[in-house]
Every structure is written in structure tokens, then in C-alpha cells.
Amino acid sequence: MRSQILRSVQSAAHKSNYTRNYASSAANPERKVTILGAAGGIGQSLSMLMKLNPLVSTLSLYDLAGTPGVAADVSHINTRAEVVGYAEDSQLGKALEGSDVVIIPAGVPRKPGMTRDDLFNINAGIVSNLCKSVAKYCPNAIVNMISNPVNSTVPIASEIFKKAGTYDPKKLFGVTTLDVVRARTFYATKAGLPVAEVNVPVVGGHAGITILPLFSQAYPQANLSEDIIEALTKRTQDGGTEVVLAKAGKGSATLSMAYAGALFADACLKGLNGVPDVVECSYVASTITELPFFASKVRLGKDGVEEIFGLGPLSEFEQKGLDNLKAELKSSIEKGIEFANKN
């Protein structure tokens, strides 16, 4: 009896998924998504998640090595996107041509004891070289930057695109969605709320104290003490370190980052396709503070950024956090700009 029930459920699920995917793909335009760093820890999971997205018609996977295997594996999933894998420098241009969205998780992950300077020294050069190719082969693509330190790599990308004459601030995004995902999860757990119904804006940057969750603006509101809010803020800021330590040197937050990256890419695709009122937090060129880049709520549209929202009312604790983060974020931005102008 149990096996019969299981077979019935599986059959119904298969028919439902097939119908839903077919209907979704039939109504959507052709969209090419390219992942640079697709064979890495984030890249492989992100490749699978983007293959599941019915808005993607072509999924282009690039890395220096290993990508043909990832592409072969992912291509067997019975969803709309056609998958092609590219490897080595010589194939980067072909991977990028015609891309609507380029997602960049390339680079090394953070390991125990690794400073932000260590991470910067390795990943800055990688991001710089990839962005030069993006400017050459798909200058109109929306770029989703995942490679850390995002506070610096987004400014690096902006300078590279400026030099190439292709910079459009509306189309360059630092992916800070994982901070939002963590804030939602931690807040919902502590408040006893269904996590799917919770939203928490996260502003600032994407490292340490520059990550500022605005729990005073969380929805729905829960009556949590100041001590709990401070602890939730600290945990959200240290979420990456929590995972790095838990994995004991064998990895970083690759799975949750891939999930967050897929969520934000989906939002970008919806915006491109004209879906109204697509709002996500992201690190973008901004004038809502005196800093040239800042994460806040952004409405996404057919040309990328459609509207950047202000911070709204802050609690005293959040205002203090905002004041404290600016110096570090400013330094990270300047470091990225300086690197790009020297290379």
C-alpha cells in the first residue's frame, strides 16, 4: 500500500512539474545566463539551480577546468535550458557572447585564518580579467558579482567597464542576497514565525560590520528585545565565519551562497522580462549615502536598476551601526578602485 501511494505521488509530481515547466518556458523569452567559475564550490550548485529555472533558455558554464563535466552532468536535468560548458581562456569569449545575465562566483573561497586582504590579493586579479572579457563580448549584460570581497570587487568591475567605455551602473550588482537569507532565517527562528513569510532588508555592504540588517523594518514584526536584536545582527554579520568554522577548513558557505545567487539571478531575469515590482537588496552604485556604492532595496526592471530605495526609518541601534560601517566600507571601495586603476 505504501509503495502504491509513493508511486502515485511521484507520478503526480512528475506530471505537475512537466506541465509547469512547459507552460513557463513557452511564455518566456530566450535568455542566456553565463556563470564564470562554474566548476567551483559555489559554481556547481549554482549551475544546477539555474538549470532548474524556467526563465533560462541557454546556460553557459565557464571555468579554467572541469566545466565540460559539470555541463554534462547538469544537462541531463529535464528542464528548459540548453547547457554548454567552456574551459580555458580561449573559450571565454564564446561562453560570454550574447549573455543577458553574467554571474561571477569565480575565485578562491575564504578559509580559516584568511584575512580580507588575503582574499582581495587573489580574487581582485581574477575579477579584473573576467570583467575585461565581459566588457568585450557582452557589454550590455547584467552582471551579478558574487566573488569576494564584494565591497571591493564591484568597484573593480565598475572601473574596468569605465575604461572599456561600457559601464552602465544600472547593470552592475553586488549579490548581497545571502545576508538577507540569513537575516530572514535567524529572525524567523528566534521569533517563532514561518520563515517563508518573513522579510528583512539588509543594507550597507557584504562583509562583517558593513552588513546591517534592519530588523526594525522586518515583516512581520515580532516583539524581540534589544539584546536579541543585537545578537541576531552579530550572527548575520558573522554568518560566513560560522560556516567556515563549522566546515573546519574544508569549505565555506558554498551551498547557501549558491541558493542566494540563484534567487537574485531569478529576480534579475524577472526584471528583464518586465515583471513588475521586483524588489531585492543589492550592492550598487548609489547616492542614498555619501558612499559611491551601497546596498539597499532596489527595484529591478528591463534595464537593470529601475529605482534605488532610501534606508527608511532606523532604530537607534541601526543608526549607530550605519555610522560605524561607513569608514570600513569607504576603505574597501577605495581599495578596489585603486587596484583597477593600477592594473
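Just so it is clear, the values below take in all heavy atoms, side chains as well, and ignore hydrogens, waters and symmetry mates.
Considering only residues two or more places apart in sequence or on other chains, Thr236 meets the side chain to side chain donor-acceptor pair (under 3.5 Å) condition with none of them. In terms of the side-chain contact (heavy atoms from CB on, under 4.5 Å) criterion, residue partners of Asp117 (sequence neighbours excluded) are, by chain and number, Thr115, Lys335. With sequence neighbours left out, Ala295 forms a side-chain contact (heavy atoms from CB on, under 4.5 Å) with Thr176, Tyr283. For Glu290, the salt bridge (charged side-chain N to carboxylate O under 4.0 Å, His left out) partners are Lys326, not counting sequence neighbours. Here Lys234 pairs with Asp238 under the side chain to side chain donor-acceptor pair (under 3.5 Å) rule; sequence neighbours left out. Applying the side-chain contact (heavy atoms from CB on, under 4.5 Å) criterion to Tyr137, with sequence neighbours excluded, gives Leu96, Glu97, Ser133. Here Phe294 pairs with nothing under the ring-ring contact (aromatic ring centres under 6.0 Å, His included) rule; sequence neighbours left out. Partners of Ser282 according to the side chain to side chain donor-acceptor pair (under 3.5 Å) rule, which considers only residues two or more places apart in sequence or in another chain, do not exist here. Remark: Val84 engages Tyr86 in a side-chain contact (heavy atoms from CB on, under 4.5 Å) (not counting sequence neighbours).
Nearest heavy-atom pair, Ala95 versus Ser99, reported as atom, atom and distance to 0.1 Å: O-OG, 3.8 Å. Closest non-hydrogen pair, Lys51 versus Arg80, comes out as NZ-N, 4.4 Å. When all heavy atoms of Thr185 and Val195 are compared, the closest pair comes out as CA-CG2, 3.8 Å. When every heavy atom of Glu318 is checked against every heavy atom of Leu212, the shortest pair comes out as O-CD2, 3.5 Å. Scanning both residues, Pro105 and Gly37, for their nearest heavy atoms gives CG-O, 4.0 Å. For Val70 against Ala38, the heavy-atom pair with the smallest separation is CG1-O, 4.0 Å.
A salt bridge links Lys330 with Glu334: at least one charged nitrogen is closer than 4.0 Å to a carboxylate oxygen. Taking a cutoff of 4.0 Å between a charged side-chain nitrogen and a carboxylate oxygen, Lys342 and Glu338 qualify as a salt bridge. Look at Glu242 and Arg235 and you find a salt bridge, because one of the NZ, NE, NH1 or NH2 atoms lies within 4.0 Å of a carboxylate O, short of that distance. We find that Lys171 and Asp303 are not joined by a salt bridge, their nearest charged nitrogen and carboxylate oxygen being 4.0 Å or further apart.
The closest donor-acceptor contact from the side chain of Asn53 to the backbone of Leu55 lies under 3.5 Å. One N or O on the side chain of Ser332 and one on the backbone of Glu328 form a donor-acceptor pair closer than 3.5 Å. Looking at Gln221, its side chain does come within 3.5 Å of a backbone N or O of Ser216 through a donor-acceptor pair. When atom types are taken as modelled, the side chain of Glu82 and the backbone of Ser57 share no donor-acceptor pair closer than 3.5 angstrom. In this structure, the side chain of Asn343 engages the main chain of Phe339 through a donor-acceptor pair within 3.5 Å. Side-chain N or O atoms of Thr210 include none that pairs as donor or acceptor with a backbone N or O of Gly204 at under 3.5 Å. Using modelled atom types, no side-chain atom of Ser128 and backbone atom of Gly125 make a donor-acceptor pair closer than 3.5 Å.
Cluster partners of Phe186, using a side-chain heavy-atom cutoff of under 4.5 Å among ILVMFWY residues and allowing indirect links, are Tyr187, Leu193, Val198, Val200, Phe215, Leu224, Ile228, Ile229, Leu232, Phe317. Side-chain heavy-atom separations under 4.5 angstrom define the hydrophobic clusters, and Tyr219 shares its cluster with no other residue.
In this structure, the side chains of Val284 and Leu172 stay at 4.5 Å or more apart for every pair of heavy atoms. Put simply, the side chain of Leu269 reaches to within 4.5 Å of the side chain of Val33, judged on heavy atoms. Under the 4.5 Å side-chain criterion, counting only non-hydrogen atoms from C-beta, Ile35 is not in contact with Ile104. Taking the side chain as every heavy atom from C-beta outward, Lys32 and Val56 never approach each other to under 4.5 Å. Using a 4.5 Å heavy-atom cutoff, the side chains of Glu307 and Val279 are not in contact. Between Val150 and Val175 the shortest side-chain heavy-atom distance does not fall below 4.5 Å. Residues Glu226 and Ser315 fail the side-chain proximity criterion, which asks for heavy atoms closer than 4.5 Å. Contact of the Leu36 side chain with the Leu92 side chain is registered, since non-hydrogen atoms from C-beta on lie closer than 4.5 Å.
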- Kindly indicate, with the supporting measurements, whether the criterion side chain to side chain contact (heavy atoms under 4.5 Å, CB included) is fulfilled by Ile211 and Leu325. CA-CA 8 Å; Ile211 300 167; Leu325 71 81; over 6 Å; no
- Query: Please walk me through it: do Val134 and Ile160 pass side chain to side chain contact (heavy atoms under 4.5 Å, CB included)?
  - Reply: CA-CA 10 Å; Val134 171; Ile160 296 299; over 6 Å; no
- Could you walk me through whether Asp100 and Ile142 pass side chain to side chain contact (heavy atoms under 4.5 Å, CB included), step by step? CA-CA 6 Å; Asp100 295 289; Ile142 283 177; over 6 Å; no
- Task: Begin from the C-alpha positions of Val102 and Asn144 and carry the test side chain to side chain contact (heavy atoms under 4.5 Å, CB included) through to its verdict.
- Result: CA-CA 6 Å; Val102 176; Asn144 292 355; over 6 Å; no
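Residue Lys170 places its NZ atom among 12 or fewer non-hydrogen atoms of other residues, nucleotides or ligands, all under 6.0 Å distant. Summarising the local packing, NZ of Lys163 is surrounded by more than 12 heavy atoms from other residues, nucleotides or ligands at distances under 6.0 Å.
The ring pair (Phe, Tyr, Trp, His ring centres under 6.0 Å) analysis of residues 239-269, with sequence neighbours excluded, yields the pairs Phe173-Phe264.
Between the CD atom in Glu159 and the SG atom in Cys131 there is a gap of 11.5 Å [rounded to 0.5 Å].
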